[in-house]
Enquirer: 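So that we are looking at the same thing, I have put the structure below in structure tokens.
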Number of protein chains: 2
Amino acid sequence: MALSRSALMKRPPASAPVFKDRILMGHCVSQMEALPEASVDVIFADPPYNLQLGGDLHRPDQSKVDAVDDAWDQFESFQAYDAFTRAWLLAARRVLKPNGTIWVIGSYHNIFRVGASLQDLGYWILNDVVWRKSNPMPNFRGRRFQNAHETMIWASRDQNAKGYTFNYDSMKAANDDVQMRSDWLFPICTGGERLKDKAGQKLHPTQKPEALIARVLLASTKPGDVVLDPFFGTGTTGAVARRLGRHFVGIERDPAYIAAAEQRIAAVERLPEESLLIATGKRAEPRVPFASLIEAGLIAPGARLTDAGRRHVAQVRADGTVAVGGEVASIHRVGAKVQGLSACNGWTFWHVEAEGVLTPIDELRRLVREKMALRGVVS
Amino acid sequence: MALSRSALMKRPPASAPVFKDRILMGHCVSQMEALPEASVDVIFADPPYNLQLGGDLHRPDQSKVDAVDDAWDQFESFQAYDAFTRAWLLAARRVLKPNGTIWVIGSYHNIFRVGASLQDLGYWILNDVVWRKSNPMPNFRGRRFQNAHETMIWASRDQNAKGYTFNYDSMKAANDDVQMRSDWLFPICTGGERLKDKAGQKLHPTQKPEALIARVLLASTKPGDVVLDPFFGTGTTGAVARRLGRHFVGIERDPAYIAAAEQRIAAVERLPEESLLIATGKRAEPRVPFASLIEAGLIAPGARLTDAGRRHVAQVRADGTVAVGGEVASIHRVGAKVQGLSACNGWTFWHVEAEGVLTPIDELRRLVREKMALRGVVS
DNA sequence: AAGTATGTTGAATCAGCCC
DNA sequence: GGGGCTGATTCAACATACT
């Protein structure tokens with residue numbers, strides 16, 4: 001057999017476009033419609049905010065605030081903005097893999113409409129995440145609270161999609177060993193990170209900080225995943241994806257932005273492989289049937305298991321089940337039964353006694369796993 | 001002014017609308033329709049969130065989470081929820097004075113629909129304000145980010161209403177003389193503040209902390225103003241309004257909640273005029289994720305950490321974990337591992353080397369904290 | 001009395017795999 | 001695709017009991 005199955009599968013069909021690590025010029029809806037169905041793992045979208053600014057805004061010293069007044073941010077009405085939102089969210093959903101997820105960032109001007117459209121189209125919200133800006137623009141007129149945050153919505157493609165990527169252990173380890181919360185603190189994009197034109201003016205009005213996108217991708221993608229950004233702008237998503245060993249697809253209408261993004265991304269170096277590994281917890285450990293402990297000779301059929309308080313005793317049977325009284329079932333079922341609970345982790349509940357010392361059977365499982373790793377059974 | 005229980009229950013005569021400091025029993029829409037037009041200064045609304053919970057949820061210790069499964073939170077569809085939302089927002093808008101404002105609190109389950117409806121009905125959003133919970137419930141299954149905040153929308157009755165109340169200087173003074181931001185940190189309502197029944201069970205499943213409502217009223221009302229709460233529950237809004245010298249109108253369907261609210265409010269003493277400023281409590285030391293050091297550029301992915309004696313070396317990964325040998329985990333876990341201990345403070349154990357000098361990463365954490373303090377984002 | 005250990009609880013859309 | 005089994009998963013406050 002000359003060609004392995006995996007080799008065959010890796011080759012893209014001749015008809016499918018090679019679209020990874022490319023910027024597609026054009027409107028986001030038509031460009032997404034041209035992409036293969038179910039082909040991207042994550043979408044990060046920073047759509048127009050539909051800012052409705054009245055007149056010009058001036059600082060207390062009378063200098064004019066450089067507002068977002070680009071043509072692409074103007075919509076005639078909420079209805080027009082909704083129609084646009086639904087169109088691109090629909091096209092995005094087709095491109096997303098069944099277990100893919102989407103992130104959309106916005107402010108109070110547009111995020112409520114985006115969130116409602118997401119729900120209407122069948123997406124299932126997983127979290128809303130607040131980007132707390134450590135250095136937001138002040139409210140110059142003193143008529144409102146300082147607008148110090150933006151909102152990101154993280155949603156799966158379908159309500160019942162349970163297999164989406166969330167690097168829980170990685171996030172927790174990076175956050176002092178407590179769960180990562182839904183409010184994140186980052187500075188806005190300034191200084192050397194902010195792209196400027198030759199005149200020293202900012203190239204894009206709403207360039208997002210790379211740190212923000214980095215946490216998004218580290219949380220919800222694996223190395224090698226494909227990340228689509230339908231409002232690519234100057235390519236922050238592409239730059240971060242490349243640095244983190246993810247593939248990107250960008251869609252952008254403005255050739256000037258595309259040129260800036262290409263130059264920017266080309267200068268990005270991918271981090272070395274070993275810096276990109278993701279912390280994994282117990283969930284990623286290989287399964288070990290309890291019977292393996294018997295087969296490995298670590299526990300003999302007929303041996304007695306007890307809980308830490310020696311209140312319950314179970315007898316090990318040759319087939320990997322255990323018995324308490326007339327009850328014969330798995331270590332988990334029996335552990336639950338004797339405690340009157342609906343569930344129980346038998347690995348941590350049951351112990352074996354040797355010379356008066358109790359050892360949790362989870363310790364024996366660890367030994368089995370070590371052996372498996374040595375034999376190369378487990379990659 | 002003494003409030004008797006019978007006085008609280010008295011319905012206002014239709015001819016002379018004396019409706020201040022009363023709880024009206026009934027459905028919020030019909031009760032609001034019976035109120036005079038343009039008669040209240042501020043509305044604070046905590047509507048049903050339309051949580052769509054699946055099965056039971058258990059904590060890791062097998063205890064069952066007491067879910068919000070009350071009938072009033074059940075809606076057949078998003079469409080049904082939208083119809084309900086539009087109905088009460090419409091009735092609320094009629095009751096609101098032209099320069100009045102409305103606050104609505106919600107979570108990602110409902111807040112996007114509320115926000116879109118507000119905009120559709122002609123309200124004008126002034127801010128969205130994030131309530132950051134200092135002690136939120138964890139995500140027990142580790143499948144998402146910890147849901148650590150709720151969102152409040154603050155809106156004026158009309159786009160062109162410029163005369164709404166915003167106590168800018170009061171807010172700024174209460175916030176160490178920097179503008180009050182749109183993200184507020186408060187603990188959830190527990191302990192002595194949480195109303196309990198005779199059996200010691202919580203009286204209401206979603207009682208809000210008084211401190212949160214107090215900041216809302218101190219920001220957007222003047223003493224003597226009338227505050228309407230169409231989902232009065234156990235009367236947090238009424239209690240805070242009375243304490244702060246504002247009038248309230250409550251609407252509530254459940255007689256048991258009304259009885260509890262009456263008793264609660266009757267026990268509240270109005271604060272003396274001069275003491276109506278909020279006290280701000282800052283946490284001792286803000287938590288800094290190790291990942292923040294990477295995001296701040298103080299440590300690069302791939303950098304090497306060593307202990308003070310240079311006996312151990314760990315490599316920093318892009319996701320905020322570190323690695324020694326095959327072990328990938330937090331700075332704390334890896335520090336414990338290499339020393340053969342069960343625990344370790346990674347902040348003081350690990351160092352970075354620059355020009356031959358070892359610096360504990362705790363020093364870098366200190367720098368991050370200083371920056372945060374300078375920007376006023378600690379609290 | 002002061003500190004330590006243990007138990008309880010909160011607006012929650014909270015599994016993955018094999019057969 | 002459905003059914004069944006395995007076995008992984010929590011943070012900050014507050015309350016209570018005990019040393």
Side-chain angles (χ1 to χ4, degrees), chain A residues 99 119 123-128 155-156 159-164 166 168-169 172 175-182 280-290 320-321 329-333 335-336 341-350 361-362 365, chain B residues 46-70 72-75 78 105-111 131 133-151 187-194 196 200-202 204-209 231 233 283 287:
Chain A
N99 276 326
Q119 292 177 315
Y123 290 98
W124 194 246
I125 298 180
L126 300 170
N127 279 114
D128 59 335
S156 59
Q159 175 171 357
N160 299 319
K162 305 289 185 192
Y164 59 86
F166 178 55
Y168 174 79
D169 297 291
K172 182 173 175 178
N175 192 38
D176 244 10
D177 288 326
V178 293
Q179 298 187 333
M180 188 67 81
R181 295 168 46 109
S182 56
T280 56
K282 291 185 194 169
R283 260 188 289 243
E285 294 285 310
R287 296 259 170 143
V288 175
F290 178 65
T321 59
S330 71
I331 50 173
H332 312 294
R333 296 273 117 245
L341 297 173
S342 61
C344 164
N345 185 339
W347 291 109
T348 51
F349 179 72
W350 295 112
I361 60 175
D362 202 28
R365 178 170 66 161
Chain B
D46 183 8
Y49 285 10
N50 189 26
L51 299 185
Q52 295 159 55
L53 306 177
D56 289 343
L57 179 65
H58 292 88
R59 298 184 181 82
D61 66 1
Q62 305 287 348
S63 63
K64 186 164 170 260
V65 175
D66 185 15
V68 177
D69 53 1
D70 306 67
W72 49 255
D73 200 47
Q74 309 296 321
F75 292 83
F78 283 130
I105 185 168
S107 65
Y108 66 84
H109 309 86
N110 72 320
I111 198 65
W131 169 26
K133 303 181 185 183
S134 59
N135 50 350
M137 181 158 46
N139 184 290
F140 293 116
R141 301 298 291 262
R143 294 296 300 146
R144 304 180 177 188
F145 298 100
Q146 182 184 30
N147 193 5
H149 75 276
E150 293 188 23
T151 301
I188 61 175
C189 182
T190 59
E193 189 185 326
R194 188 87 194 215
K196 306 272 172 61
Q201 298 300 302
K202 60 187 175 195
H204 193 283
T206 70
Q207 187 181 339
K208 296 293 178 287
F231 306 96
R283 286 198 297 168
R287 183 185 296 282

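Throughout, protein chains are lettered first and strands after them, A, B, ... in sequence-line order, and every chain is numbered starting at 1. Not measured: the values here are computed from a predicted model.
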Enquirer: Would you classify A:R365 as touching base, sugar-phosphate or nothing, given that sugar-phosphate means primed atoms plus P, OP1 and OP2, and contacts are heavy atoms under 4.0 Å?
Expert: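 Contact class for A:R365: sugar-phosphate only.
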Enquirer: Which nucleotide wins on minimum distance to the side chain of B:S134, given the candidates D:dA8, C:dA11, D:dA13?
Expert: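 Between D:dA8, C:dA11, D:dA13, the one nearest the side chain of B:S134 would be D:dA13.
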Enquirer: Using a 4.0 Å heavy-atom cut-off, does A:D128 contact any base of the nucleic acid, only the sugar-phosphate backbone, or nothing at all?
Expert: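 Touches nothing.
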Enquirer: Between B:T190 and B:R194, is any side-chain donor less than 3.5 angstrom from a side-chain acceptor?
Expert: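 Looking only at side-chain atoms, B:R194 and B:T190 do not form any donor-acceptor pair under 3.5 Å.
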Enquirer: Whether the side chain of B:K133 and the base of C:dA11 hold a donor-acceptor pair under 3.5 Å is what I'd like checked.
Expert: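 Counting by modelled atom types and ignoring angles, no donor-acceptor contact under 3.5 Å is found here.
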Enquirer: Assign B:S107 to base, sugar-phosphate, or nothing according to its heavy-atom contacts below 4.0 angstrom with the strands shown.
Expert: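 The answer is nothing, as B:S107 stays clear of every strand by at least 4.0 Å.
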Enquirer: Using only heavy-atom distances, determine whether the side chains of B:H109 and B:S107 contain a donor-acceptor pair under 3.5 Å.
Expert: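 Yes, B:S107 and B:H109 have a side-chain donor paired with an acceptor closer than 3.5 Å.
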Enquirer: What residues from residues 341-348 of chain A pass a heavy-atom cutoff of under 4.0 Å to DNA chain D?
Expert: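 Only A:A343, A:C344, A:N345, A:W347 qualify.
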Enquirer: Would you mind classifying the nucleic acid contact of B:R194 as base, sugar-phosphate or nothing, using non-hydrogen atoms under 4.0 angstrom?
Expert: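 The answer is sugar-phosphate, as B:R194 gets under 4.0 Å only of primed atoms, P, OP1 or OP2.
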Enquirer: Defining pairs by Watson-Crick or G-U wobble geometry with both distances under 3.5 Å, how would you list the stems of DNA chain C with at least three pairs each?
Expert: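 Stem segments, range with range: C:2-10 with D:11-19, C:15-19 with D:2-6.
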Enquirer: Expressed in whole Å, how much space separates the P atoms belonging to D:dG7 and C:dC14?
Expert: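 It works out to 23 Å between them.
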Enquirer: Quick one: which of D:dT6, C:dA11, D:dC11 gets closest to the side chain of B:W72?
Expert: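 Output: C:dA11.
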Enquirer: In the 5'-to-3' direction, what one-character label does each nucleotide of nucleotides 14-19 of chain C receive under the scheme B = base within less than 4.0 Å of a protein heavy atom, S = sugar-phosphate only, - = no such atom?
Expert: BSS---
